[in-house]
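Quick note: residue numbers are just sequence positions, from 1. Source: prediction; values computed, not measured.
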Amino acid sequence: AAPAPLFPLKKRTAHGLALLSGLLYFLAFPGVDLWPLAFVAWVPLIVALRGQTPRTGAALGWTAGFTMTMCGFYWLLEMLKTFSGFPTALCLVFMSILCAYQAGRVALCGWLHARAADRGWPTNVAFAGAFVASELLFPLLFPWAYAATVHQVPPLLQLAELGGPIAVGLPLVAANLALAELLLARLERRQPARRMMAALAAAPLVAALYGFVRIPMVDAQTRAAPKARVGIVQANMSLMGKRR
């Protein structure tokens, strides 16, 4: 008898991979700043999405998004306690509700990817398109962009002048897709699409090259620009403290 196909993965395994993606996303983000993980954080979710229905794709994306936001927005708990005066347990409930909503961005990405792949789109194009659409279209209370994972790497940020955070994030996604193709090829016991992998892996290198060329140019413009001094004060007072 022929062996059972590996994909789509069983739901428990797929959700485990989605959870791992959420953790890697969080670890790459400002605060922990393990920015090299930005090149691999999407890989587990991409593998988990292989062959899934749009409904399951949305659920997997939500698992990744909820994990990432609950970890990444850890400061919400203390903020809610300080400014609301509510007990910790109730603040945790409010935080969970907010993060469940914010996770909808990655859920939308998973749904769009699975739906496009189900309709015959190339999977890499489907995921890249779903990433762009979810970052552009999903309304967030506390906005963020995947580009923030490389905020400490100026050469990778310079594409922002051409296309904003999306232009910075897409080369990172391309690297993830290249690694995912290598992993999927091994799991499916086939030869990887080497030319496609090379093209995808080249995207962050091209972005970095552009950055190395542009940074000296921008620095020269900055030195020649007029100067101004700006001061910012944030009170950080509690809700009742303001009234006292």
Angle class for the F73/F142 ring planes (parallel below 30°, perpendicular above 60°, tilted otherwise)? tilted
Point-to-point distance, once rounded to the nearest 0.5 Å, from CG of L24 to OG1 of T149: 12.0 Å
Heavy-atom distance under 4.5 Å between the side chains of L23 and T67, does that happen here? yes
Please tell me if the side chains of L156 and P171 come closer than 4.5 Å, counting only heavy atoms from C-beta onward. no
Interatomic spacing from CD in Q158 to CZ in F212 - rounded to 0.5 Å: 10.0 Å
Would you say T123 and R50 make side-chain contact, with heavy atoms under 4.5 Å? yes
Hey, what's the ring geometry for Y101 with F138, parallel, tilted or perpendicular (30° and 60° as the breaks)? tilted
Here the gap from L45 atom CG to L19 atom CG, rounded to the nearest 0.5 Å, amounts to 11.0 Å
How long is the gap from CD1 on I46 to CG on L177, to the nearest 0.5 Å? 4.5 Å
Could you check whether atom CZ of R190 has more than 12 heavy atoms from other residues, nucleotides or ligands sitting under 6.0 Å from it? yes
Verdict with reasoning, F29 to Y25, per ring-ring contact (aromatic ring centres under 6.0 Å, His included): CA-CA 6 Å; F29 225 67; Y25 197 129; 5.8 Å; yes
Can you confirm whether more than 12 heavy atoms, excluding those of F7, are under 6.0 Å from its CZ atom? yes
Nearest 0.5 Å, what's the CG-CH2 distance between L80 and W75? 8.5 Å
Within-4.5 Å side-chain heavy-atom neighbours: F94 and L90: yes
Heavy-atom check, side chain of H113 versus side chain of Q52, under 4.5 Å: no
